[in-house]
Amino acid sequence: MTVTLSDVAARAQVSPATVSRVLNGNYPVAAATRERVLRAVDDLDYVLNGPASSLAAATSDLVGILVNDIADPFFGIMAGAVQSEIGGPGGRAGGERMAVVCNTGGSPERELTYLTLLQRQRAAAVVLTGGALEDPAHAAAVSAKLARLADAGTRIVLCGRPPLEDSDAATATLTFDNRSGGRRLTEHLLTLGHRRIGYVAGPMERTTTRHRLEGHRDALAASGTGSAGNGDQEELTVHGPYTRQSGYEATLELLRRAPDLTAIVAANDTVALGASAALRERGLRIPDDISVAGFDDLPFSVDAVPALTTVRLPLHEAGARAGRLATGAEAPPPGGVATIGAELMVRGSTAPPCR
């Protein structure tokens with residue numbers, strides 16, 4: 001026999017309207033009353049009719065989380081942290097929301113498609129993680145999609161992504177200070193005495209790539225190294241995907257261009273692993289012959305041999321905060337934008353040059 005809303009109301013000794021308010025979360029209800037209703041929901045194993053309630057309400061109980069690559073720990077950590085914060089008290093069926101992770105594979109078209117699908121589902125919130133594509137047409141299309149979602153009552157949170165240009169659709173933006181992190185990492189290498197530094201960069205069209213590379217080159221310029229004394233910086237930079245294979249292939253190319261390199265900075269820790277493999281294959285010892293540094297401080301970086309010098313981004317903390325912002329559990333930062341700092345983590349993979 002199907003359990004109805006009226007059955008829950010009778011068990012909790014409240015009106016059907018009160019049950020509806022508790023389950024939809026769209027009206028304040030006394031804590032004791034809410035507890036009675038949720039207990040009745042659990043006791044009767046009542047299942048809320050999601051599609052029907054979403055037609056009546058402005059939004060559903062669905063939260064979309066857009067990631068470039070769920071297999072990449074950078075995105076996986078943030079997505080998991082978002083999901084940990086969107087559940088209701090005690091994981092009760094009437095209070096929690098359902099997270100849907102949308103894996104774009106870095107495809108601009110797929111990103112737009114997922115935003116359209118989430119709009120059709122009347123998503124309660126959408127969290128976009130990671131850097132943005134630097135393409136004006138795509139940026140305009142994303143802004144338009146997000147504006148329509150926001151107009152329908154969906155909360156929009158950007159996590160690890162720059163603020164939208166010419167749009168106030170986002171409820172909140174949590175942006176990583178990639179530029180400062182890139183600068184501090186290269187300053188560390190310069191302080192050790194390195195002057196011939198190769199850079200394995202990410203994809204050219206991504207904001208994260210540009211900001212980290214700008215920080216690197218700012219440090220070189222400030223030290224007077226980013227000129228003829230260090231050769232052409234374009235010659236010492238190779239772009240590619242944020243993958244281990246890219247790090248491996250780009251490092252071999254850098255060694256071909258500049259065999260006298262004493263350090264390599266990688267776009268992220270995964271790329272740094274590939275760079276390290278290429279160096280070992282060439283018989284170079286880390287850090288005795290050449291130093292290696294990464295970015296993100298992913299969990300495996302401390303277990304690399306030697307442990308990887310990197311820049312720590314608080315991915316879990318940022319994702320958790322994005323989850324709270326997505327559900328309205330935390331107020332947006334002043335002006336809607338918060339910059340999250342980066343911390344230099346010096347470990348065994350960097351040392352003064354020996355040549």
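Note that the coordinates shown come from a computational prediction; the quantities given were computed from them, not determined experimentally.
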Checklist entry - Looking at CG of Asp303 and CG of Leu298, how far apart are the two atoms once the value is rounded to the nearest 0.5 Å? => result 12.0 Å
Checklist entry - Hey, is the main chain of Val311 close enough, under 3.5 Å, to the side chain of Asp297 for a donor-acceptor pair? => result no
Next on the checklist: Is there a path of hydrophobic side-chain contacts, each under 4.5 Å between heavy atoms of I/L/V/M/F/W/Y residues, joining Val157 to Leu146?
Outcome noted: no
Checklist outcome for this item: Heavy-atom closest pair (Leu308 atom, Ala272 atom, distance to 0.1 Å) is CD2-CB, 3.7 Å
Checklist outcome for this item: The reported gap from CG in Leu185 to OG1 in Thr350 (rounded to nearest 0.5 angstrom) is 8.0 Å
Checklist entry - Is any side-chain heavy atom of Leu128 closer than 4.5 Å to a side-chain heavy atom of Glu111? => result yes
Show me the donor-acceptor pairs, under 3.5 Å and distance only, between side chains in residues 65-77 and residues at least two apart or in other chains.
unit_1	atom_1	unit_2	atom_2	d
Asn68	OD1	Thr104	OG1	3.3
Asp69	OD1	Ala71	N	3.0
Asp72	OD1	Phe74	N	2.9

Next on the checklist: Could you check whether Arg196 pairs with Glu235 (Lys NZ or Arg NE/NH1/NH2 to Asp/Glu carboxylate O, under 4.0 Å)?
Outcome noted: no
Checklist entry - To the nearest 0.5 Å, how far apart are CG in Leu112 and NE2 in His138? => result 5.0 Å
Next on the checklist: Closer than 3.5 angstrom, by distance alone: can the side chain of His239 be matched with the main-chain N or O of Gly202 as a donor-acceptor pair?
Outcome noted: yes
Item to check | Sidechain N-carboxylate O distance under 4.0 Å for Arg280, Asp289 | outcome: no
Checklist entry - Considering residues, nucleotides and ligands other than Gln13, do more than 12 of their heavy atoms fall under 6.0 Å from its CD? => result no
Checklist entry - Between Thr209 and Ala201, what is the shortest heavy-atom contact and its length? => result CG2-CB, 4.2 Å
Checklist entry - Nearest heavy-atom pair of Pro16 and Leu5: which atoms, and what distance? => result O-CD2, 3.7 Å
Checklist entry - Where the side chain of Arg324 meets the backbone of Ala329, is there a donor-acceptor pair that is under 3.5 Å apart? => result no
Checklist entry - Under the 3.5 angstrom rule, does the side chain of His316 hit a backbone N or O of Gly80 as a donor-acceptor pair? => result no
Next on the checklist: Does any part of the side chain of Arg321, heavy atoms only, come nearer than 4.5 Å to the side chain of Leu174, both counted from C-beta?
Outcome noted: yes
Item to check | Thr113 side-chain N/O to Glu109 backbone N/O, donor-acceptor pair under 3.5 Å | outcome: yes
Item to check | salt bridge (charged side-chain N to carboxylate O under 4.0 Å, His left out) between Glu234 and Arg217, intermediate numbers included | outcome: CA-CA 10 Å; Glu234 293 298 332; Arg217 291 181 173 173; 3.0 Å; yes
Checklist entry - Between Leu62 and Val101, is there a shared hydrophobic cluster once you connect ILVMFWY residues whose side-chain heavy atoms come closer than 4.5 Å? => result no
Checklist entry - Does a side-chain heavy-atom distance below 4.5 Å link Ser349 with Pro306? => result yes
Item to check | Nearest heavy-atom neighbours spanning Thr309 and Gly348 | outcome: OG1-N, 4.4 Å
Checklist entry - Could you walk me through whether Thr208 and Phe176 pass the side-chain contact (heavy atoms from CB on, under 4.5 Å) check? => result CA-CA 9 Å; Thr208 300; Phe176 293 134; over 6 Å; no
Checklist entry - Does Leu23 reach the side chain of Val8, with side-chain heavy atoms less than 4.5 Å apart? => result no
Checklist entry - About how many Å separate CZ of Arg347 and OG of Ser301, when rounded to the nearest 0.5 Å? => result 4.5 Å
Checklist entry - How long is the gap from OG1 on Thr207 to CD on Glu134, to the nearest 0.5 Å? => result 5.5 Å
Checklist entry - Less than 4.5 Å apart, any side-chain heavy atom of Val63 and any of Val100? => result no
Next on the checklist: In the structure I gave you, are the side-chain heavy atoms of Ile264 and Ile197 within less than 4.5 Å of one another anywhere?
Outcome noted: no
Checklist entry - Do Val292 and Val271 share a hydrophobic cluster, counting only Ile, Leu, Val, Met, Phe, Trp and Tyr and linking them when any side-chain heavy atoms are less than 4.5 Å apart? => result yes
Next on the checklist: Do Tyr248 and Leu279 sit in one hydrophobic cluster, given that two such residues count as connected whenever their side-chain heavy atoms are within less than 4.5 Å of each other, even indirectly?
Outcome noted: no
Checklist outcome for this item: Value for CZ (Arg195) from OG (Ser223), rounded to nearest 0.5 Å, stands at 6.0 Å
Item to check | Carboxylate-amine/guanidinium proximity below 4.0 Å for Glu249 and Arg244 | outcome: no
Checklist outcome for this item: Paired with Asn178, the side chain to side chain donor-acceptor pair (under 3.5 Å) test is passed by just one of Arg183, Glu214, His211, Arg212, namely Arg212
Checklist entry - Gln119 and Leu149: which non-hydrogen atoms are nearest, and at how many Å? => result CA-CD2, 3.4 Å
Checklist outcome for this item: Heavy-atom nearest pair, Ala170 first then Thr173, reads CB-OG1, 4.0 Å
Item to check | Side-chain heavy atoms of Val37 within contact of Arg34, under 4.5 Å | outcome: no
Checklist entry - Would you find a donor on one side and an acceptor on the other, under 3.5 Å apart, between the side chain of Ser20 and the backbone of Ala17? => result no
Checklist entry - Would you say Lys145 and Thr116 make side-chain contact, with heavy atoms under 4.5 Å? => result yes
Next on the checklist: If we ignore hydrogens and angles and just use 3.5 Å, is the side chain of Thr251 paired with the main-chain N or O of Gly247 as donor and acceptor?
Outcome noted: yes
Checklist entry - Under the 3.5 angstrom rule, does the side chain of Thr171 hit a backbone N or O of Ile156 as a donor-acceptor pair? => result yes
Checklist entry - Between the side chain of Thr154 and the main-chain N/O of Ala124, is any donor-acceptor distance below 3.5 Å? => result no
Next on the checklist: For Asp135, I'd like to know if atom CG has over 12 heavy atoms of other residues, nucleotides or ligands within 6.0 Å.
Outcome noted: yes
Checklist entry - Does Gly130 offer a backbone N or O that forms a donor-acceptor pair with the side chain of Arg161 under 3.5 Å? => result yes
Checklist outcome for this item: Applying side-chain contact (heavy atoms from CB on, under 4.5 Å) to Ala10 and not counting sequence neighbours gives none
Next on the checklist: Closer than 4.0 angstrom, basic N to acidic O: yes or no for Glu253 and Arg257?
Outcome noted: yes
Checklist entry - What about Ile286 and Leu284, same hydrophobic cluster or not, with Ile/Leu/Val/Met/Phe/Trp/Tyr joined at side-chain heavy-atom distances under 4.5 Å? => result yes
